[in-house]
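Notes follow once the structure below has been shown.
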2 protein chains.
Amino acid sequence: MLMPNNTAFEHAQATHDRMNGAQSLACLFMTSAMETIAAGKAICWEGDAAKHLFQVVEGVVRLHRIIGEGRRVITAFHFPGDLIGASLQSAFLFTAEAVSDCKIRRVSRKSFHDEIARSDALRPVYINLLCEETAAANNQMVLLSKLNAEERLCSFIVKLASRSDAKMQHGLLRVPMNRQDIADYLGLTIETVSRTITKLASRNIVVPEGRHDLRIVNLSRLVQLSGNGDDFSDKTCHSVSLH
Amino acid sequence: MLMPNNTAFEHAQATHDRMNGAQSLACLFMTSAMETIAAGKAICWEGDAAKHLFQVVEGVVRLHRIIGEGRRVITAFHFPGDLIGASLQSAFLFTAEAVSDCKIRRVSRKSFHDEIARSDALRPVYINLLCEETAAANNQMVLLSKLNAEERLCSFIVKLASRSDAKMQHGLLRVPMNRQDIADYLGLTIETVSRTITKLASRNIVVPEGRHDLRIVNLSRLVQLSGNGDDFSDKTCHSVSLH
DNA sequence: CGGGCGTTTGAAGCGCGTCAATACGGGTGG
DNA sequence: CCACCCGTATTGACGCGCTTCAAACGCCCG
C-alpha cells in the first residue's frame, strides 16, 4: 500500500496526540509551583542528576548537547504542554535552556514514576509519550541524513506551522528561536539558514517579517519542498489548511 | 562536573543495560516459534500495521526508511537479544530486513502489552528499553549533525567493537553489514565509506580483511578519532579494553 | 575457472562551510 | 522622538569535503 509521507499531516497528528498525552500527565504538575525562566537561562544541565521532570507552561525551550570545541547540537524544541526529561533514566543527556521567557513546573522523578506506577490510566499515556519521542528522533535522523538545506528549512517551517498553538493570524508564523538555534537544530550553519530563507523569499514562498516572524505565502509549495517528497504534491498539500 | 563524553564506554554501558532488559523481556518470546529469515529478506514493512513485535535471536537486522527517489536511511541495526518494534504505536515506521541470515521470534503487540501491563517486574524493564531507544536515536542525531566522515566511521566501528557479543578474537572484528548499509546508516555514500576505511588502513588504525572483517590495530586511536572529542583522549581510551 | 556483484579508486563538480564585511533592528539614553 | 550602539542577521568571496559519475578491481560462489 502506497503511503504518502505527508510530514505536515503526520506531525499535526503527532502534535495532537502529544497534547492529549501532556493533558493527562499535566495533572502531575498541577500542585507544583510555577517557576519563571528568563530567555537564555538554563533549566538543567547535561550530565547532572535528573532529579526532576519539567513541564513547559509558557514559552519555548531548547535541548542541546555540546560536543568538543564549539559544536552545539539542538536535539529538540519543547513547547507549552510538553514534558522535559520523560525519557531519562538517571542523568540529563542534554542542557535545557529557555528560548524565550518561560514558565515551567517541576516534579521529582521519583514521585512522577510513583504516580505512573500507581495509575493504570496514566501509564499508557506515558508510554505513548516515550514512543512519540522516539518517533520524533527518528524523523530528525532522516532529516539530518538525507535532506538538503532547503528541504530541512521547509520541513522545519511546516512543522512549526502545523503546531495547533502556532500563532497563524493571516498567514503570519511566529518563530521564537533565532537563526543560530535553527541552524544547530537542522545541522546547518547560520549563514546557510539565512541564505536559504532569502532564496525562499525571492521565490515568494515564505517572507521574513522582522527576525521572529515568517509570512507563509505559498504553503503547498513549502510542503512540496519539505522533502516528504513523493509525487503526491498536489493531493497532499491541500490536506493541510491553516485557515 | 566535567563529563568526558566517552562514547565507547557510554555505549558499552547502554549495550549492557539493553541486554539485561532484553533478557527479562525475552521470556515473553520463549513460547513463540522460531522463524528463519534469509539474508536480505524483509521481516516487516514501513506503513503496515504493527501487529507484532520481534525478537532477534540470531543474525543482524537493519531498520530503514525510504524517502523519495532512491534515498534510504538506516535508522538502526538490531543484534541478537534486541527487540524490534518496542517503540511503535500502530504502524511500522520502518522496514526491517535481515542483514545476514536470521532467526527471530514474534509475539502479538496486544499480548505483549497485556503482559507488560500485568507484570510489575517487566514494566520498568520495558520503560527502560524505550528510554534507551530514545537515547540511541539522540546519539545518532549528534553523529549525523556534527561529525565528519572519519569521525562517523570510527564511532561506528568502536560501537560495533564494544558489543559484548562482538567476535573479537585477536583483534578481528566481524562487520556483518555491507558498505552500502554502513553508508546509509552514517549518512554518507558508499564511496566515502570506502575511501575513509582506506585512509584509516593507510594510517594503520584498522585494516580490512575481506569484506566483512576489520582488524583493529590501534583501538585507542580509533576512540580518539570517533569524535567523542574532548581532550581526555589518553585517559579515556584506556578505559576501553577488548582483551 | 569464470561470471557477477560488491567494492575500490579516480576525476570532476557542487553544496555547504568558513571567513570577513556590511546591514539591520531593537533597546537605551539623551 | 531621534541618535546611537551592540548583538543578530545578511550578503559576498572562496575553499574544502563530500557527492557524483565512471571505470577497474577483487572477492565469493557456482
Side-chain angles (χ1 to χ4, degrees), chain A residues 38-40 62 67-73 97 99-101 143-154 156-157 174-203 206-214 225 227, chain B residues 38-40 62 68-74 97 99-101 143-154 156 174-203 206-215 225 227:
Chain A
R62 61 173 175 253
I67 52 164
E69 318 98 74
R71 297 188 278 189
R72 184 183 75 157
V73 181
E97 290 173 351
V99 166
S100 54
D101 291 338
L143 178 145
L144 294 169
S145 257
K146 292 283 138 125
L147 303 194
N148 63 28
E150 185 175 282
E151 291 170 329
R152 292 181 197 197
L153 227 303
C154 291
F156 174 72
I157 297 169
R174 187 98 255 252
V175 182
M177 52 291 281
N178 63 27
R179 299 289 188 264
Q180 188 64 62
D181 288 339
I182 298 173
D184 289 345
Y185 182 60
L186 298 180
L188 302 168
T189 60
I190 186 174
E191 293 94 334
T192 300
V193 169
S194 180
R195 271 186 262 267
T196 305
I197 292 178
T198 303
K199 241 190 305 177
L200 290 174
S202 75
R203 292 199 270 155
V206 294
V207 180
E209 302 199 357
R211 296 173 173 182
H212 289 292
D213 290 283
L214 279 180
L225 295 173
Chain B
R62 60 173 175 253
E69 318 99 74
R71 297 187 278 187
R72 184 183 75 158
V73 181
I74 291 184
E97 290 173 349
V99 166
S100 53
D101 291 338
L143 177 145
L144 294 169
S145 258
K146 292 283 138 123
L147 303 194
N148 63 27
E150 186 175 285
E151 292 169 328
R152 292 180 197 198
L153 227 308
C154 291
F156 174 72
R174 187 100 254 251
V175 181
M177 51 291 279
N178 63 27
R179 299 288 188 264
Q180 188 64 62
D181 288 339
I182 298 174
D184 289 346
Y185 182 61
L186 298 181
L188 301 169
T189 60
I190 186 175
E191 293 94 334
T192 300
V193 169
S194 180
R195 271 186 261 267
T196 305
I197 292 178
T198 302
K199 241 188 306 176
L200 290 174
S202 75
R203 292 200 270 156
V206 294
V207 180
E209 301 198 359
R211 295 172 173 178
H212 289 290
D213 290 283
L214 279 180
R215 179 162 303 283
L225 295 173

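Across every non-hydrogen atom of A:Leu147 and A:Arg152, the tightest pair is O-NE, 2.7 Å. Closest of all the heavy-atom pairs between B:Ser145 and A:Gly187 is OG-CA, 3.9 Å.
One can place CD1 of A:Ile182 at 12 Å from C1' of D:dT8, the figure rounded to the nearest angstrom. Note: CZ (A:Arg179) to C1' (D:dT10) measures 9 Å, nearest angstrom. Computed from coordinates, the B:Glu150 CD to D:dC16 P distance equals 17 Å when rounded to whole Å. If you take CE of A:Met177 and P of D:dA9, they are 12 Å apart, rounded to a whole angstrom. Counting to the nearest Å, the C1' atom of D:dT8 and the CD atom of A:Gln180 are 10 Å from each other. Between the CG atom of B:Leu186 and the C1' atom of D:dC18 there is a distance of 14 Å, given to the nearest Å.
Rounding to the nearest 0.5 Å places CD1 of B:Ile182 at 11.0 Å from OH of B:Tyr185. Going from atom CD1 of B:Ile190 over to atom CD of B:Gln180 covers 4.5 Å, rounded to the nearest 0.5 Å. To the nearest 0.5 Å, the span separating CG on A:Leu214 from CD1 on A:Ile197 amounts to 6.0 Å.
Here the rule is side chain to side chain donor-acceptor pair (under 3.5 Å) with B:Asp184, and of B:Arg72, B:Arg179, B:Arg71 only B:Arg72 fits it.
Not counting sequence neighbours, the partners of A:Asp213 by the side chain to side chain donor-acceptor pair (under 3.5 Å) test are A:Arg174. With sequence neighbours excluded, the residues that form a side chain to side chain donor-acceptor pair (under 3.5 Å) with A:Arg62 are A:Glu97, A:Asp181. Among residues two or more places apart in sequence or in another chain, the side chain to side chain contact (heavy atoms under 4.5 Å, CB included) test is passed with A:Glu191 by A:Thr189, A:Arg195. Listed by chain and number, the residues in a side chain to side chain contact (heavy atoms under 4.5 Å, CB included) with B:Glu150 are B:Asn148, B:Cys154, B:Thr196, B:Leu200, B:Arg203, B:Leu225 (sequence neighbours excluded).
The shortest distance between side-chain heavy atoms of B:Arg211 and B:Val175 does not fall below 4.5 Å.
Contact footprint of chain A on DNA chain C: nucleotides with an atom under 4.0 Å from a non-hydrogen protein atom, first to last in 5' to 3' order, C:dC16 to C:dG25.
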> Where along nucleotides 19-30 of chain D does protein come under 4.0 Å, by heavy atom, of base (B) or sugar-phosphate alone (S), with - for untouched nucleotides?
Replying inline: BBB----BB---
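The terminal axes of the helix from C:dC1-D:dG30 to C:dG30-D:dC1, fitted over 5 pairs per end, subtend an angle of 40° to the nearest 10°.
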